[in-house]
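What follows is a set of notes on a single structure, which appears directly below.
Predicted model, so just to flag it, every value in this text is computed and none were measured.
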Amino acid sequence: MGRLLGICISEKRGTQKKELVEAEFIAGWGIEGDAHAGKWHRQVSLLSYEKIEEFRKKGAEVAFGAFGENLIIEGYDFRTLPVGTRFRIGDALLELTQIGKECHSHCEIYKKMGDCIMPREGVFTEVIHGGCVKVGDEVEMILPSKDRPYTAAVITLSDKGSLGLREDKSGPKIVEMLEKEGYEVKESLLLADEQKVLERQLIRLADQRQINVIFTTGGTGFSGRDSTPEATNAVCDRMANGIADAIRNYSMTITPRAMFSRAVSGIRKKTLIINLPGGPKAVEEALEFVLPHLGHGLGILRGTEGECARS
C-alpha cells in the first residue's frame with residue numbers, strides 16, 4: 001500500500017505548480033483547476049517520492065511539483081508497472097495510461113543538474129472515477145485483469161491526407177472494425193509519409209503507451225515516398241512477417257497487384273506492429289482475414305495465453 005504525500009497543480013501551463021492539501025478529481029478530465037486537465041490520456045501525472053529523494057541526494061533542491069508532477073506518492077516504482085494498472089486514492093480511481101514522456105525542451109532542473117527524472121520516471125493517468133483526494137490518503141494499486149480487452153492504435157500514412165487534400169477512409173475503417181471486435185482503440189493518427197516521424201510514433205505507442213497492436217495503413221508500395229516498411233523494420237526487436245506474408249497471400253487471391261506490397265510485421269517489446277494496405281477495400285479484406293486469429297498471438301505477447309503446438 002502506498003501513501004499520497006503531495007498534490008500539486010498549476011492554473012496555467014508552463015508555470016510553477018503549487019501544493020494543495022486536498023483536491024477534487026473529475027472523471028474523464030483530471031484535477032479541478034489544473035491546466036493539464038482535459039479530455040486526453042495525460043490528465044494526472046504521478047511521480048514516486050523515492051525517485052525524488054534519490055535525485056535530491058545528488059545535491060538538487062527540488063520542492064514537490066518542481067518536475068511538473070501532480071501527485072507525489074510513496075511506496076511504488078511506477079515505471080515497473082504495466083499500463084492499465086489502477087490506483088484508488090481517497091474517493092478517486094485513476095488508470096495508468098503512459099510511462100514516461102518525450103522531453104521537447106529542457107527544463108530549469110535539467111539545465112542546472114544535467115538531468116531530470118520526469119521524462120523517464122513520471123507516469124500519466126486518466127481519472128476513471130472522480131472524488132475528493134487528500135494528502136495522507138492511502139494509495140491502493142490494482143493490477144490489470146488478464147482478460148482485459150486488447151488495446152490498439154491506428155496510423156494512416158498519406159502526404160495528401162495529412163495536408164487535408166484527401167479524406168482518410170482507411171484509418172476510420174480500421175477503427176470501426178477493431179472496435180466491433182472488442183478492441184480499445186487508444187489513438188488514431190494521420191501522418192505524412194515521413195519515415196522518422198513514423199518511427200517516433202511507433203516507439204512512443206509501444207514503449208510509453210504499451211499498446212498491444214499497432215496497425216499502419218499506406219506507405220507500403222513502390223513510390224519513393226513509401227517508407228512504412230523501413231520505419232517498421234527500424235523500430236522492431238523481432239520480425240513477425242508470417243502475418244504480412246499471410247495477408248499478401250490472401251490478397252493475391254483477390255488481385256495479383258498484391259504482389260507489389262512491401263508490407264512487413266514485427267514486434268517491439270510487447271507490441272505487435274502490422275502494416276496494412278492503403279486502400280479502404282484492401283484494408284477491410286485484410287482485417288477480415290487477420291482479426292479472427294490475432295488474439296492468440298497478442299495473448300502470447302501479453303503473457304495471458306500459452307503457446308500451443310499441433311500434435
Side-chain angles (χ1 to χ4, degrees), residues 1-10 17 19-20 23 25 29-31 34 36-38 40-58 60 62-103 107 109-110 113 115-131 133-146 148 151 184 186-187 203-212 268-271 302-303:
M1 189 77 71
R3 187 169 297 280
L4 178 63
L5 301 185
I7 304 171
C8 302
I9 68 168
S10 54
K17 280 183 162 52
E19 286 193 63
L20 302 177
F25 283 56
W29 186 258
I31 304 176
D34 184 50
H36 290 83
W40 66 325
H41 67 280
R42 287 169 51 180
Q43 294 169 358
V44 181
S45 57
L46 281 56
L47 190 58
S48 164
Y49 172 72
E50 288 82 358
K51 299 298 181 181
I52 296 175
E53 282 297 286
E54 287 177 13
F55 196 77
R56 285 171 171 170
K57 289 177 182 178
K58 297 179 181 179
V62 288
F64 284 176
F67 296 102
E69 75 278 12
N70 291 123
L71 304 183
I72 300 90
I73 296 175
E74 179 183 41
Y76 295 119
D77 184 354
F78 293 112
R79 191 169 181 82
T80 65
L81 301 176
V83 165
T85 300
R86 292 186 171 190
F87 303 96
R88 194 177 302 281
I89 313 173
D91 298 327
L93 181 66
L94 311 183
E95 181 170 302
L96 184 60
T97 57
Q98 180 172 309
I99 308 288
K101 68 170 185 174
E102 295 177 89
C103 185
C107 62
I109 294 174
Y110 185 94
M113 299 295 298
D115 188 24
C116 177
I117 59 175
M118 194 64 187
R120 63 177 182 273
E121 302 293 350
V123 300
F124 298 86
T125 62
E126 291 179 355
V127 181
I128 305 302
H129 298 301
V133 172
K134 301 177 181 179
V135 171
D137 281 344
E138 289 187 341
V139 180
E140 177 190 1
M141 179 180 69
I142 307 165
L143 290 173
S145 63
K146 291 184 177 181
R148 64 193 183 277
T151 59
E184 290 185 358
K186 295 296 188 180
E187 292 195 33
I203 291 170
R204 178 183 67 84
L205 291 167
D207 296 7
Q208 296 178 1
R209 301 220 62 190
Q210 297 179 1
I211 298 295
N212 295 130
R268 181 179 175 88
K269 297 185 177 178
K270 293 190 175 183
T271 297
R302 192 166 70 178

| request: Would you indicate whether the side-chain heavy atoms of Pro82 and Leu143 approach each other to under 4.5 Å? | output: yes
Is there a side-chain contact between Ile142 and Leu93 (heavy atoms, below 4.5 Å)?
yes
Margin query: Does any part of the side chain of Lys17, heavy atoms only, come nearer than 4.5 Å to the side chain of Asp34, both counted from C-beta?
Written below: yes
Taking every heavy atom of Val135 against every heavy atom of Gly6, the minimum-distance pair comes out as CG2-CA, 4.1 Å
Using only atom types and a distance under 3.5 Å, with no angle test, would you say the side chain of Arg42 pairs donor to acceptor with the backbone of Thr97? no
ask   = Checking Gln98 side chain against Phe124 main chain: does a donor-acceptor pair fall under 3.5 Å?
value = no
### Query
Heavy-atom distance under 4.5 Å between the side chains of Ile99 and Phe78, does that happen here?
no
Is it true that a side-chain atom of Gln43 and a backbone atom of Ala37 form a donor plus acceptor pair closer than 3.5 Å? no
Separation between OH (Tyr76) and OG1 (Thr85), nearest 0.5 Å, reads 10.0 Å
* To do: Check whether any side-chain heavy atom of Thr271 lies under 4.5 Å from a side-chain heavy atom of Leu205, and answer yes or no.
  => no
- Is there side-chain contact between Gln210 and Lys270, with at least one heavy-atom pair below 4.5 Å? no
Thr151 (side chain) donor-acceptor with Asn212 (main chain) under 3.5 angstrom: yes
Closest non-hydrogen contact found for Ala92 with Phe25 is CB-CB, 4.0 Å
Practice problem: For the pair Arg56 and Glu53, find out whether any cationic side-chain nitrogen is under 4.0 Å from an anionic carboxylate oxygen. | Solution: yes
Q | Side chains of His41 and Lys186 in contact at under 4.5 Å (non-hydrogen atoms) | A | no
Q | Close side-chain approach of Phe87 and Leu46, heavy atoms under 4.5 Å | A | yes
Do side-chain atoms of Arg79 reach the backbone of Arg120 as a donor and acceptor pair under 3.5 angstrom?
yes
Taking 4.0 angstrom as the limit, do Lys51 and Glu69 come out as a salt bridge?
-> no
Separation between CG (Asn70) and CD1 (Ile31), nearest 0.5 Å, reads 4.0 Å
